[in-house]
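Beneath this line is the structure, given in structure tokens, with notes to follow.
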Amino acid sequence: MIAFDNSFARLPAGFFTRTAPTPVRDPALIALNRPLADRLGLDADWLAGPEGLAMLSGNRLPEGAAGIAQAYAGHQFGGFVPQLGDGRAVLLGEVVAPDGQRFDLQLKGAGPTPFSRRGDGRAWLGPVLREYLVSEFMAAAGIPTTRALAAVSTGENVIRETLLPGAILTRVAASHIRVGTFEFFAVRGDTERLRLLADHTIARHYPQAGSALELLRAVVAAQAATIAGWMALGFVHGVMNTDNMALSGETIDYGPCAFVDGFDPRAVFSSIDTGGRYAWIEQPNIAVWNLAQLASCLVPLMGDQDQAIRDATQAVHDFPRIYEGEWLARFAAKLGIASPREEDRALIEDLLRLMATGRADFTRCFAGLADGRARDEFADPAPFDEWHARWQRRIAGEADPQAVMARANPRRIPRNHLVEEVIAAARDRGDYQPFHALNAALTLPFSDKPEWQRYALAPTPEQVVHRTFCGT
Ligand code: AMP
Ligand code: MG
């Protein structure tokens with residue numbers, strides 16, 4: 001039994017359509033995230049049992065569940081699409097955790113909805129396992145993100161380029177309200193629903209915000225912090241469309257996302273991002289672009305329109321300042337500096353430049369600063385040695401740089417080749433053991449165990465993954 005309390009589903013008509021998941025033939029539990037179930041106040045044993053499986057596979061909508069698909073629009077690669085919506089996701093509803101925080105439970109891959117357009121509403125195993133691993137790693141690394149409560153196989157195939165095993169992810173999010181949700185009503189000139197949505201979002205995420213302008217400022221600040229976190233992990237989201245940007249500030253919609261191995265600021269992995277719009281280095285700029293779309297949506301709620309435009313513009317223009325502060329804190333910590341100074345920026349940027357020149361492995365380089373192994377990541381160590389001497393002088397006065405670095409530099413990341421390896425084992429042999437082993441290693445990214453050493457290695461040239469796919 002789950003005590004649902006579905007505030008979004010209590011909004012009036014127009015925000016969603018009632019949609020039940022489509023049952024599947026032969027569901028089986030692949031993974032259940034017990035620590036997350038505990039955090040949400042859910043009974044993990046119930047979830048792992050027959051009734052839980054019936055819910056997690058979409059075979060039975062439990063009592064009190066909402067069963068809705070949410071409406072939203074979005075700018076995809078800069079082009080506006082007035083109607084997208086949950087095409088392969090059904091919101092079960094909301095639960096309030098023991099600490100009072102409210103969370104959405106959503107089934108991703110639960111069958112077609114009125115928003116599916118030509119899609120089948122399903123997901124295959126690959127993207128489900130990928131999102132599970134990456135979102136749980138991000139959470140463990142301290143980045144705001146949606147979470148993965150469960151993955152189930154459906155016992156059915158989905159048709160992509162070939163037949164592939166189907167799966168469903170149970171996603172947990174502070175909410176699924178996106179910039180695109182606001183755009184949906186703004187483009188329709190529906191100021192009444194826009195206001196209801198803004199009020200709902202404020203009540204849910206930013207209760208201290210007293211106006212649409214304050215909501216915008218809060219989202220700008222939340223996104224600046226999240227994206228600085230991405231940058232510090234070498235994370236490339238891959239599809240920063242406005243429908244994939246959450247008002248809560250959580251990272252959402254793990255599609256063709258990937259982490260850089262050999263550092264290249266212009267790294268792009270997604271097969272469809274041919275122009276490099278969503279390259280690693282572009283992410284803060286794109287965030288500003290997306291937030292400008294949100295700002296335009298909120299202006300009609302902000303009273304005197306001339307003043308509203310000035311205020312909203314200023315709120316978006318505040319992003320770089322907030323982001324730079326978050327960026328400095330994140331990257332300085334990676335160098336063992338707890339209280340950064342403005343001049344540390346140059347020290348950080350010089351290291352990043354050296355890393356880019358030599359395509360040094362991003363994760364190993366930072367993790368290796370603590371034990372002297374960073375030098376091994378440079379084919380030409382001389383410039384690094386010079387930098388290293390400067391860095392040593394800087395941290396000489398720091399209280400405990402080792403402790404600061406240990407918390408800021410993960411030993412392991414969900415490297416693309418490792419993720420693909422565990423997906424292949426699951427797909428080809430029905431073997432989920434590699435997935436579970438990798439997940440265990442990634443959810444303790446700041447700890448070491450001998451059996452995890454393999455995961456910390458950079459890919460060999462043959463293992464490097466250059467392209468990732470939305471893989472819907
Ligand atoms: P995404 O690229 O995952 O952000 O999805 C963009 C839009 O396409 C959203 O409206 C999704 O719900 C929809 N979509 C993606 N995959 C499918 C699918 N297999 N079936 C139906 N709709 C989908
Ligand atoms: Mg999406």
Side-chain angles (χ1 to χ4, degrees), residues 15-17 19-22 24 58 68-91 104 106-132 134-135 145-146 148 154 156-184 187 223 236-248 250-258 268-274 277-278 286-287 290 293-294 467-472:
F15 287 89
F16 51 81
T17 60
T19 307
T22 306
V24 297
I68 62 172
Q70 294 181 334
Y72 52 85
H75 278 88
Q76 300 188 312
F77 290 90
F80 188 63
V81 184
Q83 178 160 325
L84 290 164
D86 289 331
R88 55 167 163 166
V90 172
L91 184 71
D104 273 4
Q106 191 204 57
L107 300 183
K108 194 168 171 184
T113 77
F115 302 113
S116 295
R117 293 171 292 168
R118 284 177 302 281
D120 60 1
R122 293 298 185 189
W124 81 272
L125 193 56
V128 167
L129 297 184
R130 171 183 280 269
E131 175 157 349
Y132 196 112
V134 179
S135 66
T145 177
T146 64
T154 60
E156 297 177 358
N157 284 326
V158 296
I159 306 166
R160 297 294 181 259
E161 270 106 62
T162 56
L163 281 186
L164 291 162
I168 298 172
L169 182 81
T170 304
R171 178 159 70 180
V172 174
S175 83
H176 285 83
I177 300 165
R178 306 146 189 272
V179 171
T181 317
F182 282 82
E183 291 180 293
F184 183 87
V187 71
Q223 282 294 340
V236 183
H237 181 283
V239 241
M240 285 181 73
N241 295 334
T242 55
D243 52 306
N244 294 336
M245 184 181 259
L247 271 280
S248 65
E250 288 180 343
T251 311
I252 192 170
D253 277 8
Y254 292 89
C257 65
V268 176
F269 298 94
S270 170
S271 61
I272 55 172
D273 190 3
T274 46
R277 179 180 170 91
Y278 299 141
I286 290 293
N290 290 350
Q293 308 311 311
L294 177 64
R467 284 282 156 267
T468 55
F469 300 90
C470 290
T472 58

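When a ligand or atom number is given, it counts from 1 through the structure's own listing order. What you see is a predicted model, and the numbers here were worked out from it, not measured in a lab.
- The two residues V158 and G166 have their closest heavy-atom pair at CG1-CA, 4.1 Å.
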> Where do R88 and R122 land on the side chain to side chain contact (heavy atoms under 4.5 Å, CB included) test, with the steps shown first?
Replying inline: CA-CA 6 Å; R88 55 167 163 166; R122 293 298 185 189; over 6 Å; no
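- Under a 4.0 Å criterion applied to the non-hydrogen atoms of D253, ligand 1 contributes the atoms 4 (O).
- Residue contacts with ligand 1 for Q76 involve side-chain atoms from C-beta outward but no N, CA, C or O (heavy atoms, distance under 4.0 Å).
- Between R178 and T242 the shortest side-chain heavy-atom distance does not fall below 4.5 Å.
- Proximity of R118 to ligand 1, defined as any heavy-atom pair under 4.0 Å, is not found for any part of the residue.
- Among R122, R160, R88, the residue whose heavy atom lies nearest to atom 23 (C) of ligand 1 is R88.
- For ligand 1, the atoms lying closer than 4.0 Å to a non-hydrogen atom of R117 are 7 (C), 8 (O), 10 (O), 13 (C).
- When heavy-atom distances to ligand 1 are checked against a 4.0 Å cut-off, N241 has no atom that comes that close, whether in backbone or side chain.
- At least one heavy atom of G85 sits closer than 4.0 Å to an atom of ligand 1.
- Taken to the nearest 0.5 Å, the CZ atom of F182 stands 4.5 Å off from the CG atom of L247.
- Heavy-atom contacts of G119 reach the following atoms of ligand 1: 20 (N), 21 (C) (cutoff under 4.0 Å).
- When all heavy atoms of N290 and V179 are compared, the pair lying nearest together is O-CG1, 3.8 Å.
- By the 3.5 Å distance cut-off applied to N or O atoms, F115 is not counted among the residues near ligand 1.
- Looking only at atom types and distance, the side chain of Y254 has a donor-acceptor partner in the side chain of T145 under 3.5 Å away.
- When atom types are taken as modelled, the side chain of H176 and the backbone of A246 share no donor-acceptor pair closer than 3.5 angstrom.
- Shown here for D243 and D253, the closest heavy-atom pair between the two residues is O-OD2, 4.3 Å.
- Shortest non-hydrogen contact noted between P112 and D120 is CD-O, 3.5 Å.
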> Does the pair L125 and L164 meet the rule for a side chain to side chain contact (heavy atoms under 4.5 Å, CB included), with working shown?
Replying inline: CA-CA 8 Å; L125 193 56; L164 291 162; over 6 Å; no
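- Using a 4.5 Å heavy-atom cutoff, the side chains of F115 and T19 are not in contact.
- Counting heavy atoms under 4.0 Å from ligand 1, residue D243 touches it through the side chain alone.
- Shown in contact with G121 at under 4.0 Å from a heavy atom are these atoms of ligand 1, numbered in order with element: 18 (C), 19 (N), 20 (N), 21 (C).
- Atoms of ligand 1 lying under 4.0 Å from at least one heavy atom of D120, given by number and element, are 18 (C), 19 (N), 20 (N).
- Only the side chain of Y72 comes within contact range of ligand 1, with a heavy atom under 4.0 Å; no backbone atom does.
- For the Mg ion (ligand 2), protein N, O or S atoms closer than 2.8 Å were enumerated as N244 OD1, D253 OD2, with waters left out.
- Checked against a 3.5 angstrom limit, the closest N/O atoms of D86 and ligand 1 fall outside it.
- Within ligand 1, the atoms closer than 4.0 Å to a non-hydrogen atom of L84 are 10 (O), numbered from 1 in the order shown.
- Considering only residues two or more places apart in sequence or on other chains, Y132 meets the ring pair (Phe, Tyr, Trp, His ring centres under 6.0 Å) condition with F435.
- Qualifying side-chain contact (heavy atoms from CB on, under 4.5 Å) partners for I159, counting only residues two or more places apart in sequence or in other chains: L163.
- Using a 4.0 Å cutoff on heavy atoms, N244 counts as a contact of ligand 1.
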Table please: side-chain donor-acceptor pairs of residues 74-87 below 3.5 Å, with sequence neighbours left out.
unit_1	atom_1	unit_2	atom_2	d
H75	ND1	E183	OE2	2.5
D86	OD2	Q70	N	2.8

